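Order of the sequence lines fixes the chain letters, A, B, ..., with proteins taken first and strands second; residue numbering starts at 1 for each chain. These numbers were taken from a predicted model, which means no experiment stands behind them.
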2 protein chains.
Amino acid sequence: MEILDLENFLPYRLYRLADAVSREFAGIYKDSHGLTRPEWRTLSGLGQHGTMTATALGEQSAMHKTKVSRAVAELERRRWLTRTPDENDRRVEHLTLTKAGLAAYGEMVPLAKAFERGLLEELSNGDRSAIKTALATLEACLGVSHPERKG
Amino acid sequence: MEILDLENFLPYRLYRLADAVSREFAGIYKDSHGLTRPEWRTLSGLGQHGTMTATALGEQSAMHKTKVSRAVAELERRRWLTRTPDENDRRVEHLTLTKAGLAAYGEMVPLAKAFERGLLEELSNGDRSAIKTALATLEACLGVSHPERKG
DNA sequence: CCAAACTGGTTTCATTTGTAACCATCGAAA
DNA sequence: TTTCGATGGTTACAAATGAAACCAGTTTGG
């Protein structure tokens with residue numbers, strides 16, 4: 001009978017690594033501010049782009065719209081963002097970080113970058129660039145970069 | 001204010017890719033047999049190693065013990081595995097696939113391998129080997145390979 | 001021998017997640 | 001204009017998850 005070596009199976013390894021990295025990284029937003037991952041991504045998207053709609057947020061950060069909806073609701077409750085109704089389309093709301101939201105964002109960005117740097121430092125120069133192109137290739141192949149995501 | 005480019009942030013890219021791959025791959029065990037991921041991993045571990053304890057399963061496949069416990073219960077309900085009490089330690093149970101379990105495993109392994117092949121085909125030879133060493137390095141650095149996992 | 005600490009495994013409960021249904025609004029076509 | 005399908009976003013409900021409590025059995029140290 002043909003067997004599968006799980007520990008060397010790419011989907012499994014990818015998932016396990018991503019999961020470990022993500023848990024590790026969660027310390028930065030969870031322990032310090034009690035954010036969930038969707039909340040962190042929402043904060044991050046708005047910090048980066050200034051103003052976005054919920055739909056745009058979902059696309060940019062690969063989140064299902066229910067996740068976005070709940071994350072936005074929570075950040076609003078904290079008064080880290082505000083909603084502004086769109087002039088032309090009354091279904092749409094434009095989301096923007098408040099001063100408090102920006103402050104939290106500004107505080108976490110350097111920590112996030114340091115975390116990433118810590119990871120990349122472990123890799124040789126060659127592996128560092130190779131992993132980036134490999135990721136890009138697989139992302140393109142899976143249609144992950146700019147699609148209608150479900151996550 | 002310093003910003004973070006989420007779409008180029010390694011932890012995010014890793015997670016998003018792993019998530020996409022995992023969803024895609026889930027078709028192989030979910031759509032065909034209605035398995036969850038923990039159930040698939042359990043099946044896979046036992047198919048590969050023949051007989052294991054729940055604890056060993058958790059270590060090999062990076063699952064929290066509650067996930068293992070529930071997956072094992074479900075596979076037992078399907079009569080895909082059986083439990084045999086340990087001779088010396090009455091807390092321990094040895095898990096083994098039944099004929100039906102092995103059949104399902106044998107059926108899925110080629111599909112899994114084909115899926116992995118499909119992914120790797122997208123990469124150049126260089127990237128293929130580089131991504132493996134990069135994964136190994138990060139796994140080692142995060143202590144993912146052989147630890148007390150929580151996932 | 002006995003108590004305390006530990007380990008394998010299950011269960012309980014609160015939280016998170018996903019699917020689907022839903023509401024409101026919009027755009028296109030009749 | 002009216003109707004019908006699509007779209008932005010929220011809500012309801014069921015299933016998956018994780019933390020911690022738990023039970024049973026085992027080891028250790030006095």
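In this structure, the NZ atom of B:K65 is 11 Å from the C1' atom of D:dA19, given to the nearest Å. Distance NE2 (B:H94) to P (C:dG8): 12 Å, rounded to an integer number of Å. One interatomic measurement links the two molecules: CG of B:L81 to P of C:dG9, which rounds to 13 Å at whole-angstrom precision. Summarising the geometry, the separation between OH on A:Y15 and C1' on D:dT17 is reported as 10 Å, rounded to the nearest angstrom. The distance between atom NE2 of A:H64 and atom P of D:dA16, rounded to the nearest whole Å, is 17 Å. Taking atom CE on B:M63 and atom C1' on C:dG9, their separation rounds to 14 Å, with Å as the unit. The CG-P distance, from A:D86 to D:dT7, rounds to 17 Å in whole Å. What separates NZ of B:K67 from C1' of C:dT11 is a distance of 17 Å, to the nearest Å.
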- side chain to side chain donor-acceptor pair (under 3.5 Å) assessment of B:T96 paired with B:T51: CA-CA 5 Å; B:T96 317; B:T51 290; 3.1 Å; yes

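The pair B:R16-A:E139 meets the salt-bridge criterion, since a charged nitrogen lies less than 4.0 angstrom from a carboxylate oxygen. A salt bridge links A:E74 to A:R77: one of the charged nitrogens lies within less than 4.0 Å of a carboxylate oxygen.
At distances below 3.5 Å, not a single donor-acceptor pair connects side-chain atoms of A:T137 with backbone N or O atoms of B:L123. Within the 3.5 Å criterion, the main-chain N or O of B:R79 finds a donor-acceptor partner in the side chain of B:T98. Remark: the backbone N or O of A:F25 is not paired with any side-chain donor or acceptor of A:K30 at under 3.5 angstrom.
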- Could you run down nucleotides 24-29 of chain C 5' to 3' and tag each one B, S or - for protein heavy-atom contact under 4.0 Å? BBS---

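Distance from the side chain of A:A54 is smallest for D:dG9 among the nucleotides C:dG18, D:dG9, D:dT17. Side-chain atoms of A:E93 lie closest to D:dT10 of the nucleotides D:dA12, D:dT10, C:dG9. You'll find that the side chain of B:R23 is closest to C:dG18, out of C:dG18, D:dG9, C:dC13.
Put simply, A:T66 has no side-chain N or O that comes within less than 4.0 Å of OP1 or OP2 on D:dT11. Residue A:T55 places at least one side-chain N or O closer than 4.0 Å to OP1 or OP2 of D:dG9.
Taken from CD in B:E121 to CG in B:L119, the straight-line distance is 9.5 Å, to the nearest 0.5 Å.
For residues 82-99 of chain A, the pairs satisfying salt bridge (charged side-chain N to carboxylate O under 4.0 Å, His left out) are A:E76-A:R83, A:R83-A:E93, A:D89-A:R91, with sequence neighbours left out.
For residues 25-40 of chain A, proximity to DNA chain D is found at no residue, defined as any non-hydrogen atom under 4.0 angstrom from a strand atom.
Put simply, the side chain of B:R83 and the base of C:dG8 share no donor and acceptor less than 3.5 Å apart.
Relative orientation of the B:W40 and B:Y29 rings is parallel, given thresholds of 30° and 60° on the angle between their planes.
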